[in-house]
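Encoded as structure tokens, the structure appears first; notes follow it.
All values reported here derive from a predicted model rather than from experimental measurement. Heavy-atom basis, side chains included; hydrogens, waters and symmetry copies ignored.
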Amino acid sequence: QVQFVESGGGLVQPGGSLRLSCAASGSIDSIYGMGWYRQAPGKQRELVARILNNGRTHYVDSVKGRFTISRDNAKATVYLQMNSLKPEDTAVYYCNDGYSSRYSWGQGTQVTVSS
């Protein structure tokens, strides 16, 4: 059972950037779609971005043009480049299967966008 460790979060000012990393404990080659999710206080967890093994991507409308998801199967790592950050991006960010969320949730990494 693959486990994920998220890192790279922190406190950033509006308009700033962060790059999140999701390191898997095993191969992600067989995971068709890897996703980044986020959960803000008092809100449901939502899928933010998804990337397939063929390179195709999907983004929730609120982050289109600002976030970029990528994956490096050789390193068993998924990334989320976050630019032009807004206060409403504040949340705990998690990675998982981007369709089924079939794996255990890690602790996530906190992203706080505030001036």
Check whether Tyr93 and Val60 end up in the same hydrophobic cluster, where Ile, Leu, Val, Met, Phe, Trp and Tyr are linked by side-chain heavy atoms less than 4.5 Å apart.
yes
Supply the atom-to-atom distance Arg50 CZ to Tyr32 OH, rounded to the nearest 0.5 angstrom.
9.0 Å
So do Thr90 and Gln110 actually touch side chain to side chain, heavy atoms under 4.5 Å?
yes
Nearest atoms (heavy-atom pairs only) where Ala24 meets Val2:
CB-CG1, 3.8 Å
Val48 with Met82, same ILVMFWY side-chain cluster at under 4.5 Å:
yes
Given the rule in the side chain to side chain contact (heavy atoms under 4.5 Å, CB included) test, do Tyr99 and Ile31 qualify, once you have shown the distances and angles that lead to the verdict?
CA-CA 10 Å; Tyr99 287 101; Ile31 305 177; over 6 Å; no
Would you give the length of the straight line joining atom OG1 of Thr109 to atom CZ of Arg38, rounded to the nearest 0.5 angstrom?
14.0 Å
For Glu88, does the CD atom sit with more than 12 other heavy atoms under 6.0 Å from it, leaving out its own atoms?
yes
In short, Ser25 meets Gln1 closest at the heavy-atom pair OG-O, 4.1 Å
CD/Glu46: more than 12 non-hydrogen atoms of other groups inside 6.0 Å:
yes
Apply side chain to side chain contact (heavy atoms under 4.5 Å, CB included) to residues Tyr79 and Asp72 and explain how you reach the verdict.
CA-CA 8 Å; Tyr79 305 95; Asp72 187 338; 4.2 Å; yes
Parallel, tilted or perpendicular: which fits the ring planes of Phe4 and Tyr103, with parallel below 30° and perpendicular above 60°?
perpendicular
Is there a side chain to side chain contact (heavy atoms under 4.5 Å, CB included) between Val92 and Arg45 once you walk through the steps?
CA-CA 9 Å; Val92 179; Arg45 185 159 21 217; over 6 Å; no
Are Leu80 and Val111 connected into the same hydrophobic cluster when the rule is that any two of I, L, V, M, F, W, Y join if their side-chain heavy atoms are below 4.5 Å apart?
yes
Please examine the side chains of Ile69 and Val78, heavy atoms only from C-beta on, and report whether any two atoms are closer than 4.5 Å.
yes
Nearest heavy-atom pair of Ser17 and Asn83: which atoms, and what distance?
OG-OD1, 2.9 Å
Proximity of Phe67 and Trp36 rings by center, below 6.0 Å
no
Determine, for Asp89 against Lys86, whether the closest basic-nitrogen to carboxylate-oxygen distance falls under 4.0 angstrom.
no
Looking at OG1 of Thr57 and CZ of Arg71, how far apart are the two atoms once the value is rounded to the nearest 0.5 Å?
12.0 Å
Nearest heavy-atom pair of Ala91 and Ala40: which atoms, and what distance?
CB-N, 3.8 Å
Which heavy atom in Asp29 sits nearest to a heavy atom in Asn53, and how many Å separate them?
O-ND2, 2.7 Å
Report whether Leu20 and Tyr59 are members of the same hydrophobic cluster (ILVMFWY, side-chain heavy atoms less than 4.5 Å apart, transitive linking).
yes
Cluster question for you: counting only ILVMFWY and a side-chain heavy-atom cut-off of under 4.5 Å, with indirect links fine, are Met34 and Val63 together?
yes
How close do Ser84 and Arg66 get, heavy atom to heavy atom, and via which atoms?
O-NH1, 3.0 Å
